[in-house]
Amino acid sequence: MGSMVDSRSPTTSTPTPFRVLVVGGSYGGLSAALNLQDLCNGRRPRCGPAPAEGETEQSGVETPNIAIDITIVDERDGFYHLIGSPLAMADEAYAQKAWVLYKDIPALREPNVRVLHGSVQGLDPKRKVAAFAARGSGTQTTDLPYDYLVAAAGLRRVWPVVPQSLRKKQYLFETSDYTRAATTARHGAVVVGGGAVGIEMAAELKLVHPEVKVTLVHSRDKLLSAEPLPDEVKDRSLELLREAGVDVLLAHRLERTEDARDAAGNACLSLRFANGHTLLADHVAMAVSKSVPSTAWLPRGALDDDGYVRVDATYFYAFPPSYNFLRHERILTEISLTFPPETPNAAHHLAVGDMIRWSGIKRCGGAMHMGYYAAHNLHQRLLASLSSSPIAETPKFLELAEIPPMIGLAVGKKAVSYWPGGGVTSGEDVMTVFFGDDLGFTICWNHIRLGGYKSVPEVSNA
């Protein structure tokens, strides 16, 4: 058994802070931590409904302040803007911006907030203790006690879909090496896989380096073939890719890649496809692997067969017209984001983001929204535990309704978007709304107010 790490404030005896452990420092985890910080300090939650005209962050808030200590555990040493990966792999200046060290994030510079660089190796929900392994400590763990836990560790994605480095310095070398390899390819660069990641990887590389021949190959006859989206979205994505100058080969299943020589005797790669087609290239990026939920540290009983967290759900039958866009009726559900009820202390354990089994396409916006819901529900439980609280017996939880398929996809200088109520739209104006000029970095940074009221983060390589 490891030693105990107590996150309670050593200088505060009354009241004793509630210890909140957040595992994962990406969109969902930071949203949960910072929205909870707002609520416990008598402010409107930053991702909640906007104040009405004339109201302030504090107006209309009548709940008491609650003492909490928030500990965030993350394998990386900083916040990494995951959806910016396609651009980070093509642009070294953007790669610098996309990773912000935790010590450089103003919103986390609070005396009751700390970030631990490492991972959680195991969890005892009955005792409410996590086994924490600091980065570089090998298999040695320490016990990290908590009162409430928010699991937000996301998915494990492979290279080159996502950089694998856990420190910013190494990450910059990693992305720089990739960029040089892709941009010095005499026979061009090939991206294998026509899902959202593959489309954006090919488009961003061509946008930043228009002199490079970029080819996207996909095994099916439609892009985005694994997503439950209308054909109009898939066809429009193809049009935008070709407008951006990317060569697209559909119905090309890659069989193997071999070392070869071109007609001049230069070393290159030969791609051989199931249809007999061959293609020479100097750089090949695979964007076809299946991501795996980062849940090996959680109790097996809280997971489904694929390793996703089985959050507690309420099932009911309803058939609103907006859900008939695929021409079939659906059973709708709502979730409170807590672990399944058979988990010991289930109400003290919540999960958000990509690691939970829930409807909809995995998106950073959904993760941040879930983080806000988790913070609200956790705050309600904290209020209910205080004898002086006016809602001690009537907590009001937010339940997340089923999320229909929706997407925002950056394709060069334009973007395509879809949601059932609004249909398909595309163009440069859609890019501005959904991604700004930095693949959504500033939008996400400001949405969860990582810089307070600043819009541009301070960055460091240290």
Side-chain angles (χ1 to χ4, degrees), residues 3-48 56-58 61-74 76-79 100-120 128-130 132 134 142-153 348-350 352 368 371-389 445 447-454 457-458:
S3 60
M4 296 293 289
V5 180
D6 196 335
S7 64
R8 294 172 188 264
S9 170
T11 60
T12 304
S13 56
T14 304
T16 301
F18 290 99
R19 301 165 299 183
V20 179
L21 176 60
V22 178
V23 182
S26 192
Y27 308 105
L30 291 181
S31 174
L34 295 175
N35 278 286
L36 182 63
Q37 178 83 331
D38 291 338
L39 290 163
C40 289
N41 282 281
R43 296 192 298 263
R44 292 177 179 271
R46 61 194 67 199
C47 295
T56 67
E57 298 298 314
Q58 283 76 30
V61 178
E62 300 177 355
T63 57
N65 288 6
I66 300 175
I68 56 170
D69 282 336
I70 299 174
T71 298
I72 301 169
V73 173
D74 195 63
R76 297 187 179 101
D77 65 2
F79 166 71
V100 185
L101 297 173
Y102 286 120
K103 69 183 184 66
D104 292 329
I105 298 179
L108 301 179
R109 296 174 186 160
E110 299 289 344
N112 68 319
V113 178
R114 64 171 176 167
V115 181
L116 301 181
H117 186 198
S119 61
V120 172
K128 290 190 283 190
V129 172
F132 169 71
T142 55
D143 282 355
L144 194 62
Y146 59 87
D147 297 307
Y148 291 89
L149 178 138
V150 179
H348 291 248
H349 297 80
L350 300 93
V352 300
M368 291 186 288
Y372 157 59
Y373 270 43
H376 172 93
N377 291 352
L378 201 162
H379 181 247
Q380 289 290 301
R381 293 191 185 280
L382 296 180
L383 285 173
S385 70
L386 302 175
S387 59
S388 60
S389 170
W445 179 273
H447 184 62
I448 48 180
R449 293 191 182 178
L450 294 181
Y453 289 96
K454 297 178 181 178
E458 303 169 12

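Computed from heavy atoms alone, side chains included, the values below leave out hydrogens, waters and symmetry copies.
Side chains of Leu144 and Val73 form a contact here, defined as non-hydrogen atoms less than 4.5 Å apart. Contact of the Asn35 side chain with the Arg43 side chain is not registered, since no non-hydrogen atoms from C-beta on lie closer than 4.5 Å. Within the 4.5 Å cutoff, the side chain of Tyr102 has no heavy atoms near those of the Arg114 side chain. The shortest side-chain heavy-atom distance between Ile66 and Leu39 does not fall under the 4.5 Å cut-off. In this structure the side chain of Ile105 reaches within 4.5 angstrom of the side chain of Trp445, judged on heavy atoms. Annotation: side chain of Cys40 is in contact with side chain of Leu382 (closest heavy-atom distance under 4.5 Å). Looking only at side-chain heavy atoms (C-beta outward), Leu108 and Ile72 come within less than 4.5 Å of each other. Counting heavy atoms from C-beta outward, Asp74 and Ser26 have side chains that stay 4.5 Å or more apart.
Here the CG atom belonging to Leu21 is positioned 9.0 Å from the NE2 atom belonging to His349, to the nearest 0.5 angstrom. Between Asp77 atom CG and Leu101 atom CG the span is 5.0 Å, to the nearest 0.5 Å. Interatomic distance, Leu383 CG to Leu378 CG, rounded to the nearest 0.5 Å: 10.5 Å. Atom-to-atom distance recorded for Leu116:CG and Phe132:CZ is 4.5 Å, nearest 0.5 angstrom.
By the 30° and 60° cut-offs, the orientation of the rings of Tyr148 relative to His348 is parallel.
Looking at Arg19 and Asp147, a side-chain N of the basic residue comes within less than 4.0 Å of a carboxylate O on the acidic one, giving a salt bridge.
Of the possible donor and acceptor atoms, one in the side chain of Asn112 sits under 3.5 Å from a partner among the backbone N and O of Ile68. A donor-acceptor contact shorter than 3.5 Å links the side chain of Asp38 to the backbone of Arg46. A donor-acceptor pair under 3.5 Å is formed between the side chain of Asn41 and the backbone N or O of Gln37.
Nearest heavy-atom pair, Ala152 versus Gly28, reported as atom, atom and distance to 0.1 Å: CB-C, 4.1 Å. Here the closest heavy-atom approach between residue Ala33 and residue Val22 is recorded as CB-CG2, 4.2 Å. For the residue pair Tyr372 and Pro45, the shortest heavy atom distance occurs at CE1-CG, 3.5 Å. Here the closest heavy-atom approach between residue Ala107 and residue Leu34 is recorded as O-CD2, 3.7 Å.
The aromatic ring centres of Phe18 and His379 sit 6.0 Å or more apart.
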Does the pair Asp104 and Arg109 meet the rule for a side-chain contact (heavy atoms from CB on, under 4.5 Å), with working shown?
CA-CA 8 Å; Asp104 292 329; Arg109 296 174 186 160; 4.3 Å; yes

